[in-house]
Every structure is written in structure tokens, then in C-alpha cells.
There are 2 protein chains.
Amino acid sequence: MSKQMLTGSFQLMKSLNRSAILNIIREQGPISRADIAKLTKLTPPTVSNLVKELLDTGIIIETYQGESSGGRKPTMLDINSERFYVIGLDIGSYQIKAVLANLNGFIVKKASFSIPTPINNDRLLSLMIQAVHHMKEGIDDTESRMIGIGVGMHGIIDVDNGESLFAPNLNLYNIPIQKTLEKEFDILIKVENDVRAMALGERWFGNGHGTDSLVCINIGRGIGAGIIMDGKLFHGHNFISGEIGHMTIDIDGPKCSCGNYGCLQTLASGPAIARKAKTEIGLGHPSILTQLVGGDLGNITGETVYEAAAQGDPLSVSILSQAGRYIGIGLTNIIHLINPKRIIIGGGVSNAGSLILESIQDTIYQRALTASAKQTEIMLSKLGEDATALGAVTLILEELFATTSNA
Amino acid sequence: MSKQMLTGSFQLMKSLNRSAILNIIREQGPISRADIAKLTKLTPPTVSNLVKELLDTGIIIETYQGESSGGRKPTMLDINSERFYVIGLDIGSYQIKAVLANLNGFIVKKASFSIPTPINNDRLLSLMIQAVHHMKEGIDDTESRMIGIGVGMHGIIDVDNGESLFAPNLNLYNIPIQKTLEKEFDILIKVENDVRAMALGERWFGNGHGTDSLVCINIGRGIGAGIIMDGKLFHGHNFISGEIGHMTIDIDGPKCSCGNYGCLQTLASGPAIARKAKTEIGLGHPSILTQLVGGDLGNITGETVYEAAAQGDPLSVSILSQAGRYIGIGLTNIIHLINPKRIIIGGGVSNAGSLILESIQDTIYQRALTASAKQTEIMLSKLGEDATALGAVTLILEELFATTSNA
DNA sequence: GTCGTTTAGTTTATAATTTAAATTAAAAAA
DNA sequence: TTTTTTAATTTAAATTATAAACTAAACGAC
């Protein structure tokens with residue numbers, strides 16, 4: 001009933017302080033014990049003791065002697081980023097992308113594994129296990145340096161149990177990812193929806209840096225949103241928050257696969273953009289797209305439209321601008337409902353770059369109600385293709401820096 | 001930068017435990033010390049010590065000897081609800097409603113004060129002060145029994161400073177409510193947006209009970225939402241979250257006062273319903289509304305339409321059903337974006353009761369994507385007219401039960 | 001009705017930590 | 001060289017929770 005009674009104990013007290021110190025080092029490092037004491041308002045002995053523990057675990061190191069400011073030189077502490085590794089898996093519709101990253105989010109190794117069709121739960125899980133083994137290969141001392149495995153996957157994820165409840169693009173249900181990987185690797189495993197992982201990734205290593213209130217939009221085949229509010233990733237009551245692809249924007253618009261009309265996804269997703277281009281060309285609109293796809297209109301995709309637009313094709317530019325307008329309307333609805341500080345746009349459409357971004361920004365500026373709503377920052381993803389995989393890595397980092405397992 | 005470093009200390013440890021105990025008593029009381037120890041996993045001496053402190057403050061009392069279950073009878077502890085009072089103010093467009101409530105949310109005294117026009121900041125503040133004085137009159141030992149004053153007000157509220165940044169219906173800016181009331185009454189003051197206060201009120205004392213994930217919709221002149229997620233009230237980056245009145249639903253719909261087209265508010269607010277009725281009657285549609293307003297169509301309001309519908313007037317029923325459909329579409333967008341467990345509908349429109357609720361529920365059931373989205377619970381406000389004022393009271397209660405000022 | 005058993009709650013002693021004060025370390029400034 | 005300043009550690013004290021023992025009070029069995 002009443003969630004989780006948080007009671008105080010010596011353990012908790014110590015754990016809070018240890019995390020506070022660790023996070024100060026991560027955010028402000030290299031930094032001296034004395035400065036940590038000032039920032040945390042803990043006393044020097046407390047800081048020294050906890051720093052000693054953190055040094056013992058290897059998570060931080062003493063780096064160099066800092067400049068004196070009139071007295072003894074401070075010993076600078078920093079995260080021992082290169083020492084540890086995290087594996088991130090991005091389970092998409094067609095492939096698994098695996099990355100091996102250090103604590104800085106620096107990708108040391110990367111590989112992709114295509115998902116065969118048809119696929120079932122066991123085969124997908126085997127493929128994931130195989131991907132992890134491949135990442136671990138050739139790494140020294142892998143058992144002691146590997147902290148965890150994060151998984152970002154499309155569809156509905158029960159994050160409490162690390163289970164994919166439904167993966168529409170693979171048509172799979174109830175995949176026990178966390179349980180299976182834990183059994184195989186006996187290490188920290190976290191599973192999260194892909195867009196939400198993206199949002200975390202952008203917050204830690206991308207354009208979401210330094211923001212507590214962030215929405216990350218993924219526009220590709222579908223449209224989804226990952227929401228970080230007051231510093232916390234939001235899931236919703238049934239892990240289905242962020243389903244903005246089927247936001248009704250035009251009650252009399254084109255019919256969507258979901259049965260309703262005028263969903264954002266039928267107006268502004270990658271396939272929607274491609275469809276629009278085909279229709280217009282079919283109606284006789286001239287476009288260099290025809291040449292780009294060698295005359296076969298069936299080959300037109302979102303990507304080819306971006307390409308044509310980048311080359312100045314007026315039809316493509318106009319289609320992207322129109323899509324940007326629809327996205328802008330959808331984002332304005334989001335801004336009015338949850339008022340984030342920043343919105344980051346990722347996924348395939350973000351490759352269209354400023355071509356679509358400007359249209360989005362203009363629409364929001366024009367439609368938002370208040371000055372502060374108009375000032376919502378709209379940016380493109382910094383992490384691009386790697387956003388979900390790095391986000392998966394971040395799942396583990398959040399855990400690592402949040403609680404610092406007490407000895 | 002890094003928000004607020006939460007560091008552990010003896011004080012914090014104790015404070016957490018004291019709150020845990022206090023909240024257990026509130027949620028599960030009357031309850032014995034022994035059971036509190038079991039539920040919190042604290043040891044019996046710790047519980048006894050903290051209970052002693054809480055008894056000293058007067059916030060809890062020993063009530064009766066419970067039934068023995070084979071040994072010594074337990075002494076039951078409960079919140080001393082009748083002992084303390086909180087004042088809640090609901091600052092609307094036309095009047096200030098004031099309530100005096102005990103810790104159970106039971107309203108002991110109620111009064112309204114109409115707001116003269118024109119009004120300015122100082123005059124409004126004086127009126128609020130007057131309302132509070134009126135509430136305190138005739139109460140014994142008021143200084144020691146009064147815990148705080150909560151204020152729920154329409155418009156944009158900076159809750160950190162307790163200031164109304166903008167109150168559109170009164171056309172006032174930057175009203176220093178908290179500062180002014182603190183100076184006058186030297187007591188805990190909290191200020192919050194009206195819909196958000198409503199949401200809190202419903203969560204504590206209304207149909208939001210027991211839910212961690214709740215959206216409360218206020219449909220009257222405008223349409224606003226108060227969002228509680230993962231147990232926490234959400235404000236947005238600029239305190240403007242929940243502005244759903246201007247959610248675009250029909251891109252080619254009627255023009256809204258905000259300049260855009262097809263905003264939810266132009267389709268389903270009280271005035272929108274009234275306008276629709278007038279138009280239809282003007283076009284020759286027969287309706288008992290004409291008699292209800294004595295032939296003067298200018299007198300038609302949302303309320304008269306509900307009344308006519310309740311009497312079975314086909315036009316009114318149809319208009320309400322249509323409005324319900326629009327609201328249902330808006331709510332479906334909200335469900336897909338933030339996936340609350342429950343949505344509570346309050347404000348003037350909720351007086352239409354099941355007439356509109358069914359239409360809303362049907363629309364959501366029809367349009368929601370997944371089974372869990374379809375199962376979102378849609379309910380009418382339980383607190384009705386008093387929702388905001390009681391919500392204002394709740395602002396103080398949240399504070400009281402969250403942190404329990406340490407001695 | 002006495003005696004053992006069970007449950008409630010308190011007392012006493014101990015342990016885990018943080019905090020405060022004093023001390024050592026090391027460098028810059030005078 | 002001496003003094004001052006800043007960094008970090010050591011030592012002692014304070015705060016609070018926990019563990020273990022104890023008292024209180026009721027029930028049930030014989």
C-alpha cells in the first residue's frame with residue numbers, strides 16, 4: 001500500500017553521504033577532499049573516511065596534487081572512468097546494437113547483430129547473450145571491471161522485473177530479459193524502453209546535460225517520448241507513458257493504423273513523410289526524388305526525402321516543413337501539458353536536421369501560449385544513432401551513482 | 001547546479017523515522033507501537049522514543065486499549081485530528097472561498113468573500129487577510145491550534161516563493177501572497193495553482209485516495225490539469241504544466257481566443273457548451289432551453305444546458321455528449337503521454353455528472369491504444385465545489401506530514 | 001485461582017556514525 | 001627562518017539506532 005517506508009538508519013546515513021560525495025566528484029571532479037567537505041557541508045573527517053572507502057572500491061582515484069592557494073596542496077580526486085566498463089544493448093526492430101563503454105560514456109567497442117525473422121523469445125535472448133559475450137571478448141580482467149548490462153528495447157517494458165511485456169515490431173510478448181541475463185552473467189542488469197533510455201543517455205552525455213526537466217522525442221517508424229521530470233525518469237502507471245505517436249491532432253485527418261484519425265504518427269513519422277512524397281509525385285509534382293530512387297517510387301523513404309531536401313528539392317523541403325509543423329503542434333501540446341525545460345528530437349527524422357527543426361521551432365513559437373512556453377528549448381539529439389545504446393549504459397550508471405552498494 | 005545534495009545526519013535519520021511513524025499512524029491508525037515497529041522495521045525502543053516526542057507535540061494521542069491477542073493489551077495511537085486547524089483559501093475569478101478544516105479534512109467553518117472590480121494586488125491581499133481573520137474568529141486557543149494557511153489560486157504560481165506570477169481572470173501580476181500572509185500571521189503559508197491544489201485535495205480526501213498516479217481535470221471557463229505522478233505533484237519547469245485548455249485537437253476547428261484553431265477549450269469548456277447550444281437553437285433546433293432561460297438565449301450557460309439535459313432535452317444531451325467526446329479525445333492524448341492510473345474530472349462541467357462522463361469513458365475506451373490505457377479510471381470529483389479550498393488545506397498537511405519540523 | 005505463555009512496551013548497554021576539536025602535514029608569504 | 005594558510009588526519013564527544021534484557025499486563029490451561 002504505502003510504497004516504501006523510508007526509515008533512517010546508520011547504513012542509510014552513510015550511504016547517502018557516500019553517494020553525495022561520489023556524485024560531487026563525478027560532476028565537479030577533479031576535486032579535493034576539502035572542497036567536497038565545503039560543498040556537501042559534511043565535516044572533513046567524514047569526507048576522508050568515505051573517500052577512503054571509495055578509493056578501496058576503485059571507483060575513484062587520487063589523480064594529481066592541485067595548486068596551492070596559500071597552504072598545503074590539495075590531492076585531487078576523480079572518477080576512475082577508464083577502469084570500469086558497462087555494456088549497453090539497443091534491441092531494435094531489425095538488429096541488436098551492442099556497445100561497450102567506460103564510465104565517461106566513451107564507446108570503446110561497438111557491434112551489430114541482425115535479428116532473423118521469424119524470431120521467438122528464446123532465440124532473441126540467445127542473440128542478446130551472444131552479443132554480450134562478444135563485447136566481453138578481448139577485455140582484460142573482464143569479471144572485475146564489468147559493472148553491468150543495460151538494455152534499451154522498443155515496446156512496453158516492465159522495468160521492475162526487467163521484462164519486455166510487448167515488443168510490437170517483433171511481435172513478442174513477456175520476454176524475461178533481466179532474469180535470463182542475470183542467470184547467464186551474474187551481474188547488474190537493467191532493462192528500459194528505448195526512448196526512455198535515449199532520454200537518460202541525452203541527459204548524461206548528450207544535449208540534455210544539466211537539465212532536470214527534459215522530454216526526448218524519437219521520430220522514426222513511430223513516434224515516442226521519454227520524459228524526465230524533476231530529475232526522474234517517468235514511466236506511467238503501466239509503463240506506457242510517452243505514446244505520443246497516436247496523439248490526435250487533426251480529428252478529421254487521415255486514418256491511422258490504430259483505427260483513429262489524424263494521429264501525429266500518420267502526419268509526421270518517417271513513413272508518413274515518404275508516403276506524402278509518393279502521393280505528391282504521383283499527382284504530378286516534379287521532384288529530384290524520382291531520380292534519387294532510380295525511378296522506382298517504392299524506394300522512397302524518409303531518408304531519401306531528407307537527402308532530396310538537402311539538395312534543395314522544393315517538394316521535399318515543403319513536405320519536411322509541413323511535417324515539422326505537425327510535430328510542432330504535437331510538441332506544443334506536450335509543452336502545455338508538462339512544461340519541460342527542453343525537448344530533444346532524435347531518431348531517423350533528426351537526420352533532416354535544421355530543415356525540419358526550424359519549422360518545428362517556428363510552429364511552437366507561434367502557437368505556445370506564454371512567453372515561457374515559447375522559450376522551451378528545442379534541440380536535435382547529440383548522440384544520434386548511439387542514443388539508445390548509450391542510454392542503456394546510463395541505466396547502469398544511474399544505479400551505480402545513485403546508491404553505491406554499501407560494502 | 002546540482003539541486004540539493006541530500007546528506008545524511010543524525011537529524012535526518014531521526015526526522016525520517018519520525019515522519020515514517022507519523023504517516024503510518026495517519027494511514028493505518030489507530031495502531032499500536034508494536035505494530036508500528038513491525039511495519040517500519042524499526043526497533044521497539046526507537047518507536048517508543050519517537051512516539052513520545054510526537055505525543056509531546058500533541059499531533060498524536062493515545063486513544064484506547066486495543067483487543068489483546070493473547071498478551072498485554074496494545075495502546076492505540078491516532079492522529080489528534082480535532083486538535084489542530086488549517087485554513088484554506090480558494091481565490092477564484094469572482095470570489096474568495098475560505099474554509100477552516102481539521103486534520104481529517106473536515107470543514108468546520110466556511111465563508112465566501114466576493115472580489116470587487118476593479119481589483120489590484122494590495123486590495124486582493126487585504127481581502128485575503130480579512131478572510132483569514134474571519135476564519136480565526138471564535139476559535140479557542142487559535143494561536144496554538146492553527147498550523148498554517150494554504151492558498152489555491154488560478155493562474156501561474158511560483159510555488160517556491162508563494163507568489164502569483166499572473167492571474168489572467170483578475171488581470172493581476174506578481175502578487176506576493178506568501179510574503180504578505182507570513183508577515184501578517186507568522187505561520188506556515190503555502191500557495192499553489194488551483195487545479196494542482198484540487199488534485200492534492202482529491203488525493204487526500206476525495207476520489208484520488210490511494211493513488212500515486214493521478215490527473216485531475218478542472219473544466220469550467222477554461223480547462224486545466226493537475227498532475228500527480230509517482231506520488232509527487234508536478235509543476236513543470238516554469239510552473240505552467242497542465243495547460244490543456246489549448247491542446248490542439250482539431251487543427252481545422254473553430255478559432256480560439258489564443259489565436260490557434262481547434263483548442264480543447266473552444267470545443268468542450270462551459271462557455272463552449274453554452275455557445276454551441278445558442279447556435280443550434282438559433283439555427284432552429286427546438287429545445288426546452290428556450291423556456292428555461294425565459295426566452296433570452298443570452299442567459300444560456302453551461303449549467304442551464306446540464307439542467308436541460310437532466311430533464312431529457314435531446315439537443316442538450318447531444319451537445320453534452322459531443323463535448324464529452326472532445327474531452328475524451330483530450331484525455332486520451334493525456335493517457336498516452338503520461339499514463340496516469342486515474343483521471344478525476346472536476347469543475348463546473350462535472351455537475352453534468354454521468355451525462356457527460358459516459359461519453360468521455362466511451363471515447364477513451366474506443367480510442368485508447370492498449371488494454372491498460374483503456375482501463376484508466378475516469379471519475380468525477382468527490383469534493384466538488386470545495387475541491388480547491390480543501391486542496392489548499394492539503395498543501396499544509398503535506399508539509400506537516402512530510403517533514404515534521406524537528407523540535 | 002495459580003502458573004506458564006504470549007504480547008506490549010520500557011530500560012540498559014552497545015554499536016555505528018557524524019561532528020567538534022585538536023593535531024599533523026605541507027606549502028606560501030613575510 | 002618564522003608565521004600564516006590550507007589540507008588532511010587523529011582523537012574525543014555527541015547523537016541515534018539496535019540488541020538484549022526486563023517489566024507490564026493479559027489470556028488460557030489445569
Side-chain angles (χ1 to χ4, degrees), chain A residues 5-21 24-25 28-56 60-78 404 406-407, chain B residues 5-21 24-25 28-56 60-78 404 406-407:
Chain A
M5 196 64 43
L6 180 63
T7 50
S9 65
F10 295 105
Q11 261 190 323
L12 176 74
M13 184 161 67
K14 192 172 178 180
S15 165
L16 282 173
N17 289 337
R18 203 199 288 105
S19 306
I21 291 172
I24 286 268
I25 296 174
Q28 325 237 355
I31 186 173
S32 68
R33 289 168 177 80
D35 282 344
I36 294 174
K38 270 171 215 144
L39 286 169
T40 57
K41 287 174 185 160
L42 295 168
T43 56
T46 301
V47 173
S48 279
N49 285 331
L50 293 173
V51 161
K52 201 174 295 163
E53 282 192 27
L54 290 169
L55 284 167
D56 285 345
I60 63 171
I61 39 170
E62 294 187 331
T63 50
Y64 57 93
Q65 301 294 108
E67 285 299 294
S68 162
S69 57
R72 177 175 168 177
K73 286 183 180 170
T75 305
M76 306 307 271
L77 302 163
D78 209 348
T404 342
N406 27 332
Chain B
M5 195 66 41
L6 181 63
T7 49
S9 65
F10 296 108
Q11 262 191 323
L12 176 74
M13 183 162 67
K14 192 172 179 180
S15 165
L16 283 173
N17 290 338
R18 202 199 288 106
S19 305
I21 290 172
I24 286 268
I25 296 174
Q28 326 236 355
I31 186 172
S32 68
R33 290 170 177 80
D35 282 343
I36 294 174
K38 270 171 214 142
L39 286 169
T40 56
K41 287 176 184 158
L42 294 168
T43 55
T46 300
V47 173
S48 279
N49 284 330
L50 294 173
V51 161
K52 202 173 296 165
E53 281 192 28
L54 290 169
L55 283 168
D56 285 346
I60 64 171
I61 37 169
E62 295 187 331
T63 51
Y64 57 93
Q65 300 295 107
E67 285 299 294
S68 161
S69 58
R72 177 174 168 179
K73 286 182 180 170
T75 305
M76 306 308 272
L77 301 164
D78 209 348
T404 341
N406 27 333

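The chains referred to below are lettered A, B, ... by the order of the sequence lines, with proteins before strands, and numbering in each begins at 1.
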Check your understanding: For B:Ile21 and C:dG9, what is the distance between atoms CD1 and C1' respectively, to the nearest whole Å?
Key -> 14 Å
Review point. So, is A:Lys38 near the phosphate of D:dA7, with a side-chain N or O under 4.0 Å from OP1 or OP2?
Key: yes
Review point. Given side chains that start at C-beta, do those of A:Lys41 and B:Thr7 come closer than 4.5 Å, heavy atoms only?
Key: no
Exercise for review: Give the rounded distance in Å between these two atoms: NZ of B:Lys52 and P of D:dT16.
Suggested key: 14 Å
Atom pairs, N/O to N/O, protein against nucleotides 15-25 of chain C, distance under 3.5 Å?
{"unit_1": "C:dT18", "atom_1": "OP1", "unit_2": "A:Asn17", "atom_2": "ND2", "d": "3.1"}

Review point. Would a 4.5 Å heavy-atom cut-off, applied to side chains only, mark A:Ile24 and A:Asp35 as touching?
Key: no
Review point. Whole Å only: how far is the CD atom of B:Gln65 from the C1' atom of C:dG9?
Key: 11 Å
Check your understanding: Quick one: on DNA chain D, does A:Gly70 or A:Glu62 contact a more 5' nucleotide (nearest heavy atom)?
Key -> A:Gly70
Exercise for review: Among the candidates C:dA27, D:dC27, D:dA7, find the nucleotide nearest to the side-chain atoms of A:Pro74.
Suggested key: D:dA7
Check your understanding: Could you state the CD1-C1' distance from B:Ile36 to C:dG9, rounded to the nearest angstrom?
Key -> 12 Å
Check your understanding: Does a side-chain heavy-atom distance below 4.5 Å link A:Ile31 with A:Asp78?
Key -> no
Check your understanding: Given C:dT10, is OP1 or OP2 found less than 4.0 Å from the side-chain N or O atoms of B:Arg33?
Key -> yes
**Study point:** Nearest heavy-atom neighbours spanning A:Leu77 and A:Arg33
**Key:** CD1-CG, 3.8 Å
Review point. For B:Ile31 and C:dA8, what is the distance between atoms CD1 and C1' respectively, to the nearest whole Å?
Key: 13 Å
Review point. Hey, are the side chains of B:Ile36 and B:Ile25 touching, using non-hydrogen atoms and a 4.5 Å cut-off?
Key: yes
Exercise for review: Spell out, as yes or no, whether a donor-acceptor pair under 3.5 Å connects the side chain of A:Thr63 to the backbone of A:Met76.
Suggested key: yes
Exercise for review: Ignoring backbone atoms, test whether B:Thr75 places a side-chain nitrogen or oxygen under 4.0 Å from the OP1 or OP2 oxygen of C:dG9.
Suggested key: yes
Check your understanding: Just how far, in rounded Å, is P of D:dA8 from CG of A:Leu77?
Key -> 7 Å
Practice item. Check the pair B:Glu53 / B:Arg18 against salt bridge (Lys or Arg N to Asp or Glu O under 4.0 Å), numbers first and verdict last. Key: CA-CA 9 Å; B:Glu53 281 192 28; B:Arg18 202 199 288 106; 3.4 Å; yes
